[in-house]
Amino acid sequence: MQKPEFVDTHVHFYDMQHPELVYAHWVPDVDHPTLGTQMRKLGERNFVAEDYIAVTRPSNVVKAVHVQAAIGSPDPVKETEWLQEAANRTGFPHGIIAFTDLSAPDAETVLGGHCEYPNMRGIRDFDSAGHLTDSRFLHGFGLLEKYDLIAGMNVTWEQMDTVRSLADSHPNIRMVIDHTGGPWERDPDYLESWRRGMATVVGADNVWCKISGLGMTDHDWTVDSIRPFVLYCIETFGTERSFFGTNWPVDSLWSGYADVVDAYTEIISGFSADERERLFVKNAERLYRI
């Protein structure tokens, strides 16, 4: 049976031997801030566009969006250059969410450098959660409208009130809550706070929800264990502002690629054909212009 087409909105490619790129979250002898030593395994090999295509072909992946991975690189534009070369060579990735330190004095220069590449679509300032109200960050964030760039938000429920204010004050900047809003814990109080945070930010219609990364918060996940998170996001943001990603290959530490896509497929099997197509393909194509 033919699997449904899928646009993967959260993937990472990397070449550990690249002379100008650094992948600080999965180098030897470094502990990831939330995932510890597990991430070192990723750095034992490269994962480039051709590897991703081979892994995902059985899951009928038709397009993909790359989210910045070369954390710690001296010049973040070099990652965009490398990814554009991959896209020109293989067709993947179709969209690029790059890194810029939006608080830095040279933020606009870096943004302009990224935008020299046609697949550039947005920015994830990985550490932005800690300075969402800082005046320097707010100046850099405002530049995203000038360059027509999406803001990838690496935030959890604790920042959702601030994210809502940021969205309200910048209604023309499209914002994406990455990784399902990071439900990192499973106790009832935490989950209630997560639900409240997601419900708060959804009130700004320029905010979208990327359902991804659930393996990071539940290493032994099953379809039933992630179902409440997937459905809550869809119920909250609707089938017009929700879409799926896999966080590959990070989530490969806990499952196979087809496991993730098949789980999403099963969870929304009762939705209409139009709704399923929006969640798997159309919303991502519309938001990322791919």
Is a side-chain N or O of [X] found less than 3.5 angstrom from the main chain of [Y], in a donor-acceptor match?
X      : Y      : value
Ser169 : Leu166 : yes
Tyr288 : Ile96  : no
His66  : Phe13  : yes
Asp259 : Gly256 : yes
Asn206 : Ile173 : yes
Tyr232 : Arg195 : yes
Gln84  : Asn119 : yes
Thr56  : Ser59  : no

What I'd like to find out is whether the side chain of [X] reaches to under 4.5 Å of the side chain of [Y], using heavy atoms alone.
X      : Y      : value
Arg124 : Asp178 : yes
Leu279 : Ser242 : yes
Asp8   : Val65  : no
His18  : Asn46  : no
Ile234 : Thr239 : yes
Leu287 : Trp208 : yes
Val250 : Met216 : yes
Val155 : Met160 : yes

With ring centroids as reference points, do [X] and [Y] lie under 6.0 angstrom apart?
X      : Y      : answer
Phe6   : Phe244 : no
Tyr257 : Trp248 : yes
Trp184 : Tyr190 : no

Determine whether more than 12 heavy atoms belonging to other residues, nucleotides or ligands lie under 6.0 Å from atom [atom1] of [X].
X      : atom1 : value
His139 : NE2   : no
Arg186 : CZ    : yes
Asp187 : CG    : yes

Which heavy atom in [X] sits nearest to a heavy atom in [Y], and how many Å separate them?
X      : Y      : result
Pro249 : His12  : CD-O, 3.2 Å
Arg121 : Arg289 : NH2-O, 3.2 Å
Ala167 : Val207 : CB-CG2, 3.6 Å
Ala54  : Pro58  : O-CD, 3.9 Å
Thr90  : Ala49  : OG1-CB, 3.6 Å
Thr156 : Gly182 : CG2-O, 3.9 Å

[atom2] on [Y] to [atom1] on [X], rounded to 0.5 Å:
X      : Y      : atom1 : atom2 : value
Ser212 : His179 : OG    : NE2   : 5.0 Å
Leu138 : Leu143 : CG    : CG    : 11.0 Å
Ile97  : Gln68  : CD1   : CD    : 10.0 Å
Asn172 : Glu145 : CG    : CD    : 4.5 Å
Tyr264 : Leu214 : OH    : CG    : 5.5 Å
Glu79  : Leu21  : CD    : CG    : 6.0 Å

Looking at residues at least two apart in the chain, or sitting in another chain, which of them share a salt bridge (Lys or Arg N to Asp or Glu O under 4.0 Å) with Asp161?
none
Those residues at least two apart in sequence (or on a different chain) that pass salt bridge (Lys or Arg N to Asp or Glu O under 4.0 Å) with Glu240 are Arg278, Arg286
Counterpart residues, side chain to side chain contact (heavy atoms under 4.5 Å, CB included), relative to [X] (two or more places apart):
X      : value
Glu5   : Asn60, Val62, Val281
Ser272 : Asp274, Glu275
Lys63  : Val7, His94, Glu285, Ile290

Name the one of Asp168, Thr200, Ile177 that satisfies side-chain contact (heavy atoms from CB on, under 4.5 Å) with Val163?
Ile177
Any salt bridge between [X] and [Y], counting N to O under 4.0 Å?
X     : Y      : result
Glu44 : Lys41  : no
Lys78 : Asp75  : no
Lys3  : Asp262 : yes

Kindly determine whether Lys146 and Leu111 satisfy side-chain contact (heavy atoms from CB on, under 4.5 Å), including the steps that lead there.
CA-CA 10 Å; Lys146 175 180 177 180; Leu111 291 175; over 6 Å; no
Nonpolar side-chain network containing Tyr117, other nodes, edges under 4.5 Å
Val77, Val110
For Leu102 and Phe137, what are the C-alpha separation, side-chain angles and deciding distance, and is it a side-chain contact (heavy atoms from CB on, under 4.5 Å)?
CA-CA 5 Å; Leu102 294 176; Phe137 172 81; 3.8 Å; yes
If hydrophobic clusters are built by linking Ile, Leu, Val, Met, Phe, Trp and Tyr wherever their side-chain heavy atoms come under 4.5 Å apart, do Phe99 and Ile71 end up in the same one?
no
Establish whether Leu42 and Val22 are linked, either directly or via other cluster members, by ILVMFWY side-chain heavy-atom contacts under 4.5 Å.
no
Given the rule in the side-chain contact (heavy atoms from CB on, under 4.5 Å) test, do Thr180 and Cys233 qualify, once you have shown the distances and angles that lead to the verdict?
CA-CA 7 Å; Thr180 327; Cys233 289; 3.4 Å; yes
Passes side-chain contact (heavy atoms from CB on, under 4.5 Å), Trp221 versus Val260? Steps please.
CA-CA 10 Å; Trp221 68 268; Val260 178; 4.0 Å; yes
Please lay out, stage by stage, how Arg174 and Asp148 fare under the test salt bridge (Lys or Arg N to Asp or Glu O under 4.0 Å).
CA-CA 9 Å; Arg174 292 154 295 166; Asp148 194 22; 2.8 Å; yes
